[in-house]
Amino acid sequence: MAQGVEAQARQVLANIRAVLADCGASMSDVAKTTVFVTDIGQFATVNAVYAEAFGDHRPARSTVQVAALPGGADVEIEVWAYRG
């Protein structure tokens, strides 16, 4: 994957927004995320993009460094959303 971690994080979060919208939800409905990165040294870059995407909403979050991700990606984000 040729994109840098910042571009990948932006794309991942755009994909999440699109999936949530298809379900009638938004980023403010996200209750929990798990961020997977292949290099924890890139956490600050990913975190800046993440914070921009979520704004004032602060879902619970875990961040884990992994050996590899599918497709050679550097970042992957799993979300759990709740609409009451």
Side-chain angles (χ1 to χ4, degrees):
M1 182 165 281
Q3 298 177 344
V5 71
E6 181 176 350
Q8 288 181 38
R10 289 187 188 287
Q11 185 62 59
V12 167
L13 289 158
N15 293 350
I16 290 168
R17 263 189 234 94
V19 170
L20 289 169
D22 282 350
C23 299
S26 70
M27 297 297 265
S28 64
D29 295 309
V30 174
K32 165 75 170 82
T33 68
T34 305
V35 180
F36 301 93
V37 293
T38 57
D39 178 1
I40 202 71
Q42 295 291 325
F43 176 74
T45 301
V46 173
N47 190 54
V49 175
Y50 179 98
E52 180 184 307
F54 280 100
D56 292 333
H57 181 58
R58 300 283 189 253
R61 175 179 64 182
S62 300
T63 302
V64 181
Q65 179 174 323
V66 296
L69 290 167
D74 296 316
V75 61
E76 181 175 300
I77 302 173
E78 172 187 74
V79 302
W80 289 82
Y82 175 78
R83 295 197 63 221

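One is the number of the first residue; the rest follow in order along the sequence.
The side-chain heavy atoms of L20 and D29, taken from C-beta on, include no pair separated by under 4.5 Å. Put simply, the side chain of D39 does not reach to within 4.5 Å of the side chain of D74, judged on heavy atoms. With contacts defined as side-chain heavy-atom distances shorter than 4.5 Å, the pair P59/M27 does not qualify.
Note: the hydrophobic cluster containing L69 does not contain V37 (ILVMFWY, side chain heavy atoms under 4.5 Å, direct or indirect links). Placement of I77 and V64 in two distinct hydrophobic clusters is found when ILVMFWY residues are connected by side-chain heavy-atom separations under 4.5 Å, directly or transitively.
Of all the heavy atoms in F36 and V66, the pair that sits closest is CD2-CG1, 3.8 Å.
Note: S28 OG to R83 CZ = 9.0 Å, rounded to the nearest 0.5 Å. Taken from CD in Q8 to CG in L13, the straight-line distance is 12.0 Å, to the nearest 0.5 Å. Taken from CD1 in I16 to CZ in F54, the straight-line distance is 6.0 Å, to the nearest 0.5 Å. To the nearest 0.5 Å, atom CD1 of residue I40 and atom OG1 of residue T63 are 6.0 Å apart. Going from atom CD of Q3 over to atom CZ of R10 covers 11.5 Å, rounded to the nearest 0.5 Å. To the nearest 0.5 Å, the span separating OG1 on T33 from CZ on R58 amounts to 11.5 Å.
Exactly one of R61, E52, Q42 qualifies for a side chain to side chain donor-acceptor pair (under 3.5 Å) with N47. That residue is R61.
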